[in-house]
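In what follows, a structure is listed as structure tokens, so that the remarks can point back to it.
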Amino acid sequence: MSTILIKSATVVNENKQFIADVLIKDGLIERIDANIDAHADETINAEGLHLLPGLIDDQVHFREPGLTYKADIHSESRAAVAGGITSFMEMPNTVPNTLTQELLADKYAIASRNSLANYSFFMGASNNNLDEVLRTDITNVCGVKVFMGSSTGNMLVDNPTTLDNLFANSPMLIAVHCEDEATIKSNLNHYKQLLGENIPIQLHPKIRSAEACYLSSSLAVELAKKHNSRLHILHISTALETHLFDNVTPLKDKRITAEACVHHLWFTDADYDTKGNFIKWNPAVKKESDRDAVLAAVLDGKIDVIATDHAPHTLAEKEQPYLQAPSGGPLVQHSLPALLELHHHGKISIEQIAEKAAHNVATCFQIDKRGFIREGYWADLVLVDLNQPWNVNRSNILYKCGWSPFEGTTFRSKVVYTIVSGNVAYANGSLIEGKAGKRLNFNR
């Protein structure tokens, strides 16, 4: 492999900023020093740029297999790399659902050929596949995903005995989507009786309510405490849920962790008037007070990581009436610029962005040699210019679905370079393909 020398970067790592050179050799960070005088195959002048560890997104839906008309591993990994995300963990609600070891292996095979970013895939849980879940190799699979709320296909796990057995027996991290199905159905029926089929998008956070989230999240926490399970609750969206989590125990020792997503840190229910179904997510974007409480919990350590829940759908699908339009939206290309915009607004430090979107993800999932800028670690890096404004529009969107909820937004910061496992994968607006990312390994 080639050597790369990054010169005069402002390194953002482990709660510090400092100017340094970084030498990359054979895919690994060989040396970090104030002034490195060494021959390299490629030298990057990073003066005035900030060097962060590449982001690790612990929740994406890249739609392959089965739904590749709206996204696939190749297209979305390209968008991720362009957005400074060097590793992703992909969810099992593809078609067919990833409920067997053979289907899981198929996805790894596709990624080994087609993913520009590093990758891992969650094993899926259903009401009747516990034996398959327990066959999973915990050293090279990120975890098992459980939908405690409605989902695609056969992936709603609502059988109390199944849930109890899963929490009692899973040897690996259990990542959970928490919304109480009975509450959602009751709320939906209420509004259908009032309004028929003409329910407006503005009622989405009342149908998929804060109460539905809390009921399910508190049950997951109860089960995890009962069995000392390793629980990770995804996309926290309410102020109420933040009280379920601990900010005293060091992250490496936590048995219960939580994730916030970029859209829940950015949008509020006031945005439904202009964005409509394009910000229809599950869990729903809720009140400004919920958004602010989730951000506060990220900053004070109750919520441990930031991710995207990238979940593209076509424009035609999103333009349907509320009840028919699917939930989810594309985010991986724009999550880091959005977080850096929050930094410009004084809401989060750049050191905290590196911590929550890279360091803590690596610690939370026990990822081997990634997530930090350290000698001997894989060179997963992103160089950003904090002062290069650009506007999100259809001409520069890389998602296969062709749209973004951030369209029309001007971000002040731009990704300039992304390095994946020691290979330059994105440089000055151009993707550099031909070298696939690597499978993530876990120290368990």
Side-chain angles (χ1 to χ4, degrees), residues 58-61 91-93 97 122 124-127 143-160 162-164 166-167 174-192 199 201-224 231-245 256-265 267-269 272 277 279-287 289-291 293-294 297 303 307-311 313 322-323 325-329 331:
D58 78 350
Q59 189 188 182
V60 304
H61 303 261
M91 290 298 169
N93 55 332
N97 298 155
F122 282 90
S126 70
N127 277 326
V144 57
K145 171 67 179 288
V146 181
F147 286 91
M148 293 172 66
S150 61
S151 181
T152 304
N154 182 35
M155 295 200 67
L156 171 61
V157 183
D158 57 356
N159 183 306
T162 300
L163 278 173
D164 198 69
L166 183 64
F167 276 79
I174 303 169
V176 183
H177 177 131
C178 286
E179 292 183 284
D180 182 68
E181 184 70 4
T183 300
I184 293 166
K185 285 182 176 178
S186 174
N187 293 339
L188 180 58
N189 287 335
H190 169 73
Y191 286 109
K192 278 187 172 182
I199 295 175
I201 180 64
Q202 287 82 357
L203 290 176
H204 188 55
K206 294 187 180 297
I207 293 168
R208 304 191 80 96
S209 62
E211 292 75 18
C213 293
Y214 184 80
L215 275 172
S216 186
S217 294
S218 58
L219 172 60
V221 168
E222 180 184 326
L223 285 167
L231 171 66
H232 185 60
I233 301 187
L234 303 167
H235 42 45
I236 296 299
S237 63
T238 72
L240 199 57
E241 290 170 288
T242 65
H243 301 295
L244 293 168
F245 306 110
I256 299 171
T257 53
E259 169 210 274
C261 287
V262 171
H263 48 286
H264 292 129
L265 300 175
F267 298 104
T268 73
D269 58 1
Y272 288 116
N277 291 333
I279 61 164
K280 183 185 179 185
W281 279 284
N282 299 339
V285 167
K286 298 183 177 68
K287 298 176 184 175
S289 57
D290 290 305
R291 180 192 65 182
V294 172
I303 294 177
T308 66
D309 193 13
H310 173 90
H313 299 283
Y322 166 72
L323 286 175
S327 293
L331 280 168

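Being a predicted model, the structure only gives us computed values, none of them experimental.
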Starting from the C-alpha separation in whole Å, work towards a yes-or-no answer on side chain to side chain contact (heavy atoms under 4.5 Å, CB included) for I199 and L188. CA-CA 9 Å; I199 295 175; L188 180 58; 3.9 Å; yes
Side chain to side chain contact (heavy atoms under 4.5 Å, CB included) between T257 and L231, worked out: CA-CA 6 Å; T257 53; L231 171 66; over 6 Å; no
Determine whether L234 and V176 satisfy the following criterion, side chain to side chain contact (heavy atoms under 4.5 Å, CB included), listing intermediate values before the conclusion. CA-CA 6 Å; L234 303 167; V176 183; 6.0 Å; no
Side chains of [X] and [Y] in contact at under 4.5 Å (non-hydrogen atoms):
{"X": "M148", "Y": "E181", "answer": "no"}
{"X": "V221", "Y": "I256", "answer": "yes"}
{"X": "C178", "Y": "H235", "answer": "no"}
{"X": "Y322", "Y": "L203", "answer": "no"}
{"X": "E179", "Y": "I184", "answer": "yes"}
{"X": "S217", "Y": "L244", "answer": "yes"}
{"X": "F167", "Y": "V146", "answer": "no"}
{"X": "L331", "Y": "D309", "answer": "no"}

Just verifying a value: how many Å separate [X] [atom1] and [Y] [atom2], rounded to the nearest 0.5 Å?
{"X": "I279", "Y": "I201", "atom1": "CD1", "atom2": "CD1", "answer": "7.0 Å"}
{"X": "T238", "Y": "H243", "atom1": "OG1", "atom2": "NE2", "answer": "8.5 Å"}
{"X": "T268", "Y": "R291", "atom1": "OG1", "atom2": "CZ", "answer": "5.5 Å"}
{"X": "S126", "Y": "L156", "atom1": "OG", "atom2": "CG", "answer": "10.0 Å"}
{"X": "D158", "Y": "D180", "atom1": "CG", "atom2": "CG", "answer": "10.0 Å"}
{"X": "S327", "Y": "R208", "atom1": "OG", "atom2": "CZ", "answer": "6.0 Å"}

Can a donor-acceptor pair be found between the side chains of D269 and H204 at a distance below 3.5 Å? no
Of all heavy-atom pairs between [X] and [Y], which one has the smallest distance, and what is that distance?
{"X": "N97", "Y": "M155", "answer": "OD1-CG, 3.2 Å"}
{"X": "F122", "Y": "P92", "answer": "O-CB, 3.7 Å"}
{"X": "V157", "Y": "T162", "answer": "CG1-CG2, 4.0 Å"}
{"X": "I207", "Y": "Y191", "answer": "CG1-CD1, 3.7 Å"}
{"X": "T242", "Y": "A293", "answer": "CG2-O, 4.0 Å"}
{"X": "T308", "Y": "C261", "answer": "C-SG, 3.9 Å"}

Give a yes or no answer on whether the side chain of [X] reaches the backbone of [Y] with a donor-acceptor pair at less than 3.5 Å.
{"X": "D290", "Y": "A239", "answer": "yes"}
{"X": "S218", "Y": "Y214", "answer": "yes"}
{"X": "N189", "Y": "K185", "answer": "yes"}
{"X": "K286", "Y": "A284", "answer": "yes"}

Is there a side chain to side chain donor-acceptor pair (under 3.5 Å) between T183 and E211 once you walk through the steps? CA-CA 8 Å; T183 300; E211 292 75 18; over 6 Å; no
Residue set satisfying side chain to side chain contact (heavy atoms under 4.5 Å, CB included) with A311, at least two apart, ordered chain then number -> H61, R63
Does the plane of the ring in F147 sit parallel, tilted or perpendicular to the ring in H177? Use 30° and 60° as the thresholds. tilted
May I have the step-by-step check of side chain to side chain donor-acceptor pair (under 3.5 Å) for S237 and H264, ending in yes or no? CA-CA 6 Å; S237 63; H264 292 129; 4.6 Å; no
Test side chain to side chain contact (heavy atoms under 4.5 Å, CB included) on F267 and Y272 and set out the steps. CA-CA 9 Å; F267 298 104; Y272 288 116; over 6 Å; no
